[in-house]
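Below: one structure, written as structure tokens.
Atoms within each ligand, like the ligands themselves, are counted from 1 in listed order. Counting from 1, the numbers follow the sequence of the chain as shown.
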Amino acid sequence: MTDKELWKKIKEWLIASDLVEPNVYEDYIKTASLETLSKDQMAIVVNSEFSKKHLEYIKNGLIEQILHVLGREVEVLMLTKEEYQKEKSYFETIKKQKNTVRSSFSFDNFVAGSSNIGALEASKAVIQDLGTKWNPLFIFGDSGLGKTHLLKAILNELGSKNPDKNIKYYTSGEFRKEIIDSLQGGFKEIESTKDELSELDALLIDDIQFLANSDKTNEIFFELFNICIENNKQIVISSDKYAEALNGFDKRLLSRFNQGLSVKIDRPDIETAINIVDYKSKLANLNLSESAKKYVASYYGSDVRKIEGAINKIGFALIQNKVDSSKVIDDEEVNNFLLDYSFAPGGEVTVQKIKNVVAQNYGISPAQIDSKNRIQKVVIARHIAMYLTGEILKKNYTEIGACFGGKDHTTVLFAYKKINELVASDKNLKKLLTKMKKEITS
Ligand SMILES: Nc1ncnc2c1ncn2[C@@H]1O[C@H](COP(=O)(O)OP(=O)(O)OP(=O)(O)O)[C@@H](O)[C@H]1O
């Protein structure tokens, strides 16, 4: 129910109740209004201090009736128009402060690389030309690659540089809830929600794919979308897929997602992943060796969330093992700390990744694969890593030898033969090879 509808009901009740004389109604009630200040506060707004005094005797009755019709507890104040304006601007300031979210989401702490630079630059560009040039901005890419980070960075940046701008960030769940709630309030309520949203300077909706198949919400979003674009109100959307691949949306809406600027965030290449590990480990006060950073990046680099998880796990392991946090941690220690930390699917397939996956499956460190260690477990792991390098990366024996510390091609040939023989007689090894291949290439 809108404030207007609620106030209308109160006025009808007042007329029926005989609580006020017709002239008091005409002079003081008819000119008053009911306004929402916040989730928990409403105001009966009257013309002047004089009106306030005149209505004092029915104030409690009015409030009781408002709460009764509303069906929930809120604080109801009686304010003059002047007082109301002051309160309103106070609540708007508070609301704007809420526009800034966890300051950890900024452009400055977004590690850029070839996989995400387009999305980063586009997010910055939107702020320069709000609503005019790149509208809508559609950012898409797999999970954990920084889409939410960029949306929240836009929100923070706009909120701090243009405090007068009205910006709203929604997860698609929150957006759907707002629409569904207003639908329950009927036509007027939904119209007033639409009006409210179309007055925003920027509307940011995260993970739009979760709005699929919510027909009514999509219909309203479609209308809203058109109003916003026509009126140069900025829309930024994130999605896990490019627009055409989203199922459960009206085709007209999907085609509009592409009418502004559509940018993809890819999985980080190894160099960017190492830079992310470097940045996040410094934030966590961890001192990782270059090989340890490379290790984390090549295992978990396909998902930044996984990198963060791995770094948390290393930090926790240091506390558990009472290791001084200033100590340089090498790849062998990292491997031990992360033995039970699951793989991130995907990522670039490199010889290092093959060594890492094999080492982890054999409970040894990647460095041991490259070492001269002759323990049987290490020798088999080394042979398997050579074998998988040939199978997956299609390298010849000489190239494989070069990737394993300059081994002769006959050593690689021997490894190949050995693994082929073992696989023929050992079903478990065959299964393990399939599992490792999946981990390397999925
Ligand atoms: N390039 C980056 N630099 C620094 N941190 C990053 C980067 N990319 C992602 N992150 C961090 O990784 C975590 C996951 O990122 P985010 O939540 O933005 O991913 P997402 O793409 O929105 O994923 P989902 O589709 O699952 O919602 C966040 O803590 C974010 O700050």
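Judged by the 6.0 Å distance and 45° axis criteria, K355 is positioned over the aromatic ring of F404.
Checked by distance only, ligand 1 and L145 come closer than 3.5 Å through their nitrogen or oxygen atoms. When only interatomic distances are considered, the shortest N/O to N/O separation between D206 and ligand 1 does not fall below 3.5 Å.
For ligand 1, the atoms sitting less than 4.0 Å from at least one non-hydrogen atom of D142 are 21 (O), numbered in the order shown with element in parentheses. In the vicinity of D207, heavy-atom distances shorter than 4.0 Å reach the ligand 1 atoms 25 (O), 27 (O). Near K280, with a cut-off below 4.0 Å to any heavy atom, the atoms of ligand 1 are 4 (C), 5 (N), 6 (C), 11 (C). The distance from ligand 1 to the heavy atoms of N109 drops below 4.0 Å at these ligand atoms: 3 (N), 4 (C).
The nearest non-hydrogen atom to atom 26 (O) of ligand 1, considering only S143, S106, S115, G146, comes from S143. With V304, I307, N116, V111 as candidates, the residue nearest to atom 6 (C) of ligand 1 on a non-hydrogen basis is V304.
Between the side chains of T272 and D269, at least one donor N or O lies within less than 3.5 Å of an accepting N or O.
In this structure, R267 contributes its side chain and D142 its backbone to no donor-acceptor pair below 3.5 Å.
Within 6.0 Å of the CG atom in D324, the count of heavy atoms belonging to other residues, nucleotides or ligands exceeds 12.
Classification of D426 and K430 as a salt-bridged pair fails, no side-chain N sitting under 4.0 Å from a carboxylate O.
At least one heavy atom of F105 lies less than 4.0 angstrom from ligand 1.
Checked against the 6.0 Å centroid threshold, F221 and F175 count as a close aromatic pair.
Note that the NZ atom of K177 and the OH atom of Y170 stand 11.0 Å from one another [nearest 0.5 Å].
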